[in-house]
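Below: the structure, in C-alpha cells.
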Amino acid sequence: MLRHEFRPGRAVAGLTMLVLAGGYAGDAAGDWEAPWTFFLGVFLGGLWLAATATWTAYMLRRRRDARKASTENREAPASTRGSHAIK
C-alpha cells in the first residue's frame with residue numbers, strides 16, 4: 001500500500017522546474033545561449049501540462065470513487081459529494 005496518492009501534476013511541475021534550472025545553469029555557464037522567450041515558453045507550457053495532468057487525475061479519481069461507492073451499497077445510491085449519505 002502506498003503512503004500517499006500519486007500526484008502527476010506535481011511531478012510534471014517539478015520536472016518543468018528542473019528543466020528550467022538546467023537551462024539557466026547552462027546559460028549562466030556560457031555553454032548555451034538561450035533567449036528569454038525559450039524559458040517563458042517552457043515555464044508556461046510546463047504549468048499548462050501540470051494543470052492538465054492534475055485535472056485528469058482528479059476526474060479519474062472522482063469517477064473511481066463514485067463507482068466504488070455505488071458497488072458497496074446496493075440498497076440506495078451513496079453520495080460522494082459532501083458528508084451526508086442519501087438513503
Side-chain angles (χ1 to χ4, degrees):
M1 177 63 65
L2 294 175
R3 292 185 184 200
H4 57 83
E5 294 181 28
F6 176 64
R7 304 281 184 161
R10 289 184 181 185
V12 170
L15 288 174
T16 300
M17 295 306 140
L18 285 174
V19 168
L20 285 173
Y24 277 121
D27 195 23
D31 295 339
W32 199 81
E33 187 63 35
W36 66 271
T37 55
F38 169 77
F39 295 112
L40 183 65
V42 169
F43 178 70
L44 293 177
L47 287 182
W48 182 81
L49 284 175
T52 302
T54 300
W55 180 78
T56 303
Y58 169 75
M59 295 305 287
L60 290 173
R61 194 176 318 115
R62 183 175 165 195
R63 185 175 180 183
R64 182 188 61 216
D65 291 344
R67 278 189 179 177
K68 185 178 178 183
S70 68
T71 58
E72 289 177 351
N73 188 2
R74 301 235 179 226
E75 298 170 7
S79 173
T80 58
R81 297 183 191 179
S83 61
H84 302 292
I86 300 172
K87 292 194 178 193

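Sequence positions, counted from 1, serve as the residue numbers for this chain. All of these numbers come straight from a predicted model, not from anything done at the bench.
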Least distance between heavy atoms, Val12 atom then Ala53 atom: CG2-CB, 4.4 Å
Common cluster, Leu40/Trp32, ILVMFWY with side-chain heavy-atom separation under 4.5 Å: yes
The side chain to side chain contact (heavy atoms under 4.5 Å, CB included) partners of Val42 (sequence neighbours excluded) come to Thr16, Val19, Leu20, Phe38
Residue pairs fulfilling ring pair (Phe, Tyr, Trp, His ring centres under 6.0 Å) with at least one residue in residues 39-63, sequence neighbours excluded: Tyr24-Phe39
The reported gap from OG1 in Thr54 to CG in Leu49 (rounded to nearest 0.5 angstrom) is 10.5 Å
Glu5 meets the side chain to side chain contact (heavy atoms under 4.5 Å, CB included) criterion, sequence neighbours left out, with Arg7, Arg61
Should Leu44 and Trp36 be regarded as members of a common hydrophobic cluster, given that ILVMFWY residues are connected when their side-chain heavy atoms come within less than 4.5 Å of each other, either directly or indirectly? yes
